[in-house]
Amino acid sequence: MSVRVRIAPSPTGNLHMGTARTAVFNWLFARRHGGRFLVRIEDTDRERSQPAFTDSILTGLRWLGLDWDEEPVFQSRRSRDHQEAIAALLANGRAYRCYATEAELNAMREARQAAHQAPRYDNRHRNLSPERIAAFHKEGRHAVVRFRIDDTQDILWQDMVRGPMRWQGADLGGDMVIARRAPADRIGDPLYNLAVVVDDIAMGITHVIRGEDHIANTAKQLLLYNALGAPPPCFAHTPLILNKEGRKLSKRDGVTSIADFQALGYTAAAVSNYMCLLGWSPPVELGERFGLADAAPVFGFDRVNKAGGRFDWDKLNWLNSQALHAMDGATLRNALLPRWQQAGLDTSQPLAWQEQLAALLGPSLVVLQDGVEQARPFLGPPELDDASRAQLQIEACQAALHYILQHRPRTFNAAAAKELLTAAARAAGVRKGVVMKGVRAALLGCLHGPDLLLSWDLLHGVGEDDPRLRAVLR
RNA sequence: GCCCCCAUCGUCUAGAGGCCUAGGACACCUCCCUUUCACGGAGGCGGCAGGGGUUCGAAUCCCCUUGGGGGUACCA
C-alpha cells in the first residue's frame, strides 16, 4: 500500500509556523516512502474561514518547496459525503439525536465543575423513548447528532512517535457531537472530527501526521473509523513548537506566519531547514545544514523527539546568514533588487556593478532586509552620522582628504587606493587608520562597513567617489 | 479540577546499561585574522530536575516527587 499523507489547515489565518512544520514532516515522510503529499483545506467553519487565507496557505507551502501531488481538496465541498456518513451512523444506531438545550448543557458543565470533575455530557438522550422524541419534535426542538462513546472502552493505538498509546472512553467527555444543531428532521453541518475521518477515508490517507495537540482527537477518530467500517491509518503525533515562554506557539506570539518570515528576508531554505531541526534530529552524516530534498531520504519518526521545542531566533538567524553568505553576487543581487526598489533606492547602475555590491555586502547579512540599509549609501547620497561628522572635523583628516584629491592616480583601483591612503597618512602625519576612517565617513557616512578599498573602488565605478570626498571638505 | 503527554548545557539536540571524564550546533566569552564592522579560524564557559529502587555497573530500565506542556466545544 503506497503512502498517502496530507496537511489539513483551516483557512482562518495565514500559514503558520506550526502548520508549516507539520507540513514539512508530512512532505518528508511522503517523499521518503515514494508516497503522495496532499492538501486539504478545512473550511467548514464558515464564520472564520476566508479565501484569502487559503491563498496565503497555498502560497506559503509553495514558497517553502512543499509541492503537493493532487489538487487540494476543499472540505466544504464534501458535505454530501459527511451528511451520508452521519445518516449511516444514525441508521445503524451508532449515533442519535440529542435535544438537550444550551441551558441544560451549561447546568451539566457547572455541576461537574463544582464536583471537581472534568466537564462532560451525561448521555441523557442516548436512549430516548419514541414518545419523548415525538414530544421534542412537537415542541419544535432542534437537535444535534451525537456519536455513542462507550465509557468502558479502551482505545489503543501505536503512535509512530510515542509508541503505545491508550485512551479511556470515559475520558472523552461523553457522547460526542458530530453534527451541529439543526431542525430535528434534518442533519446539521458536520463537525471537525467527523469530517476529518470521512475525508481521510475518502482520500485514502494512510498516515496521519499532526501535532500532539490532536492526541485526544485521535482517540475519538479511531472510534469513528471503527463505526464507519474503515481501517484506521497510522498516527504520528509530533512535538509542538513552543514560544519563548514554553507554551504552544500561537498567532499571538508576533512573527509566526510564513509570510512574515519571508517579508523579513528569511530564505525558504533556512526556514525549512530550521523547521526540520526543531523536533527531528538528522543522522550525523547529514549535518545540520541541509535542504528538504537531502532530508527526505533519511527522514523517519524514530528520530523525532517527544518533547516540544522552543522556537529559537538565534539558530534561525544563523541558518539564514549561512544561506545568504553562500550566495554568489548574482543570486544575492536578484534577491535584493526588489527590496532595493521597494525602498525607493536608485537601481539604475549596471548589472555587474550591482552584483559586485551584493557580493561585498553578503557576508554581513543575517536577513535579506539587512541588505537595504547597508546598500543605501551605495545606491544614493550618504547621510553622515554623528561619528562621521566628528571624524571629519579632525584637522589631519581634512589634510589627508585634500592630499588624496590632489594626488588621484590616473588609473584608479583598489591597489592604487591603498597606496594613496598610505601616502596621505604620511603627508598629514597621522596613522593610516585615521585617514581610512575619514575616507569611509566621506564616502559612506558611517565608520563601519565592508572593506574600505573595495567600497571605494565600487563607488569609483559609478563616479561617486570624488564628489563625495569633495563634499566634506571645509 | 479531570484526562493525557513530556523531562540531557541558556536554546535545539546526540545518547537505546559499560564506548560518557556526557558529544555536537546556536548563543555567550577570549584570542587570531582585519588599522573599521562583519565573515572566517582557534579555544573557553555551561547540562543528565530530585529521591528511591533494579544491576557488578544507570543519562539510559522501574517507581515516587517536582516541574513543564497539551487536551478538556454544537472551533479546527
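A quick note: this is a predicted structure, and the numbers were derived from the prediction, not measured. Throughout, protein chains are lettered first and strands after them, A, B, ... in sequence-line order, and every chain is numbered starting at 1.
Test Trp318(A), Phe261(A), Tyr274(A) against Trp313(A) for ring-ring contact (aromatic ring centres under 6.0 Å, His included) and you get one pass: Phe261(A). Exactly one of Phe29(A), Phe290(A), Trp280(A) qualifies for a ring-ring contact (aromatic ring centres under 6.0 Å, His included) with Phe299(A). That residue is Trp280(A). Here the options are Arg148(A), Arg146(A), Arg126(A), the test is salt bridge (charged side-chain N to carboxylate O under 4.0 Å, His left out), and the partner is Asp175(A); only Arg126(A) passes.
Nucleotides C9(B) and C20(B), compared at atom C1', are 15 Å apart to the nearest Å. Comparing the same atom, P, in G50(B) and in U11(B) gives a spacing of 15 Å after rounding to whole Å. Taking the P atom of each, U36(B) and C32(B) are spaced 12 Å apart, rounded to whole Å. When the C1' atom is compared between G46(B) and C5(B), the two are found 29 Å apart, to the nearest whole Å. Here the separation of A22(B) from U60(B), taken at their C1' atoms, is 11 Å to the nearest Å. As rounded to the nearest Å, C45(B) and C29(B) have C1' atoms that lie 7 Å from one another. Taking the C1' atom of each, C6(B) and U13(B) are spaced 15 Å apart, rounded to whole Å. U54(B) and G70(B): their C1' atoms are spaced 32 Å apart (whole Å).
If you find the closest nucleotide of RNA chain B to Pro239(A) and to Ala143(A), the one lying nearer the 5' end belongs to Pro239(A). Nearer the 5' end of RNA chain B, as judged by each residue's closest nucleotide, is the contact made by Gly433(A), out of Gly433(A) and Arg109(A).
Shown here, A25(B) forms a base pair with U11(B); the pair counts as Watson-Crick or G-U wobble because both key distances fall under 3.5 Å. Taking a pair to require two hydrogen-bonding distances under 3.5 Å in either a Watson-Crick or a G-U wobble arrangement, G1(B) pairs with U72(B). For C33(B), there is no paired nucleotide, since no Watson-Crick or G-U wobble pair has both relevant distances below 3.5 Å.
If you check every strand for non-hydrogen atoms under 4.0 Å, Asn305(A) touches sugar and phosphate atoms only. Using a 4.0 Å heavy-atom cutoff across all strands shown, Gln117(A) reaches at least one base atom of the nucleic acid. Looking at heavy-atom distances under 4.0 Å, Asn217(A) makes contact with a base. Base engagement by Val144(A) is indicated by at least one non-hydrogen atom pair under 4.0 Å involving a base atom. As judged by a 4.0 angstrom heavy-atom cut-off over every strand, His237(A) is placed among residues making no nucleic acid contact. Within 4.0 Å (heavy atoms only), Arg40(A) reaches no atom of the nucleic acid at all. His116(A) comes within contact range of the sugar-phosphate backbone alone, with a heavy-atom separation under 4.0 Å but no base atom that close. Within the nucleic acid shown, Gly287(A) has no heavy atom closer than 4.0 Å to any nucleic acid atom. At a threshold of 4.0 angstrom between heavy atoms, the contacts of Ala425(A) with the nucleic acid are absent. If you check every strand for non-hydrogen atoms under 4.0 Å, Pro450(A) touches a base. If you check every strand for non-hydrogen atoms under 4.0 Å, Leu277(A) touches sugar and phosphate atoms only.
Summarising the local packing, CD of Gln113(A) is surrounded by more than 12 heavy atoms from other residues, nucleotides or ligands at distances under 6.0 Å. Heavy atoms of other residues, nucleotides or ligands lying less than 6.0 angstrom from CD of Glu419(A) number 12 at most. Environment of CZ in Arg303(A): crowded, with over 12 heavy atoms of neighbouring residues, nucleotides or ligands closer than 6.0 Å. Within a 6.0 Å radius of CD in Glu102(A), other residues, nucleotides and ligands contribute 12 heavy atoms or fewer. Atom CG of Asp386(A) sits in a sparse spot, with 12 or fewer heavy atoms from other residues, nucleotides or ligands closer than 6.0 Å.
In this structure, Lys306(A) places its NZ atom 12 Å from C1' of U60(B), rounding to the nearest Å. As a whole-Å value, the separation of Asp302(A) CG from G15(B) C1' is 14 Å. Distance Asp189(A) CG to A76(B) C1': 14 Å, rounded to the nearest Å. A straight line from CG of Asn317(A) to P of C12(B) spans 16 Å, rounded to a whole angstrom. The CG atom of Asn193(A) sits 12 Å away from the P atom of A73(B) (whole-angstrom rounding). Whole-Å rounding puts the Leu194(A) CG to A73(B) P distance at 18 Å.
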Which pairs, protein N/O on one side and nucleotides 45-47 of chain B N/O on the other, fall under 3.5 Å?
none

Pairwise N/O distances under 3.5 Å, protein to nucleotides 24-28 of chain B:
from: A25(B); atom 1: O4'; to: Glu288(A); atom 2: OE2; distance (Å): 3.0
from: A25(B); atom 1: O2'; to: Glu288(A); atom 2: OE2; distance (Å): 2.1
from: A25(B); atom 1: O2'; to: Lys315(A); atom 2: NZ; distance (Å): 3.2
from: A25(B); atom 1: N3; to: Lys315(A); atom 2: NZ; distance (Å): 3.3
from: C26(B); atom 1: O2'; to: Asp314(A); atom 2: O; distance (Å): 3.3
from: C26(B); atom 1: O2'; to: Lys315(A); atom 2: N; distance (Å): 3.3

What nitrogen or oxygen pairs link the protein and nucleotides 62-69 of chain B at under 3.5 Å?
from: G69(B); atom 1: OP1; to: Arg247(A); atom 2: NE; distance (Å): 2.5

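With sequence neighbours left out, the salt bridge (charged side-chain N to carboxylate O under 4.0 Å, His left out) criterion links Arg141(A) to Glu104(A), Glu139(A). Looking at residues two or more places apart in sequence or on another chain, you find a side-chain contact (heavy atoms from CB on, under 4.5 Å) between Glu84(A) and Arg80(A), Asp81(A). With sequence neighbours left out, Ile201(A) forms a side-chain contact (heavy atoms from CB on, under 4.5 Å) with Val197(A), Tyr225(A), Leu228(A), Ala230(A).
Taking only side-chain nitrogens and oxygens, Gln322(A) never comes nearer than 4.0 Å to OP1 or OP2 of A38(B). In this model, the phosphate group of A76(B) is not approached by any side-chain N or O of Thr12(A) to a distance below 4.0 Å at OP1 or OP2. Side-chain nitrogen and oxygen atoms of Thr44(A) include at least one within less than 4.0 Å of the OP1 or OP2 phosphate oxygen of A76(B). In this model, the phosphate group of A76(B) is approached by a side-chain N or O of Arg180(A) to a distance below 4.0 Å at OP1 or OP2.
On a pure distance criterion of 3.5 Å, a polar donor-acceptor pair joins the side chain of Arg48(A) and the base of C75(B).
No hydrogens or angles considered: nothing links the side chains of His82(A) and Asp189(A) as a donor-acceptor pair under 3.5 Å. Of the N and O atoms on the side chains of Thr218(A) and Arg210(A), at least one donor lies less than 3.5 Å from an acceptor on the other residue.
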* May I have the step-by-step check of side-chain hydrogen bond (donor to acceptor under 3.5 Å, both in side chains) for Ser49(A) and Asp43(A), ending in yes or no? => CA-CA 6 Å; Ser49(A) 296; Asp43(A) 53 352; 6.0 Å; no

* I would like to know whether Ser455(A) and Phe378(A) meet side-chain contact (heavy atoms from CB on, under 4.5 Å); could you show each step before the answer? => CA-CA 8 Å; Ser455(A) 301; Phe378(A) 287 92; 3.7 Å; yes

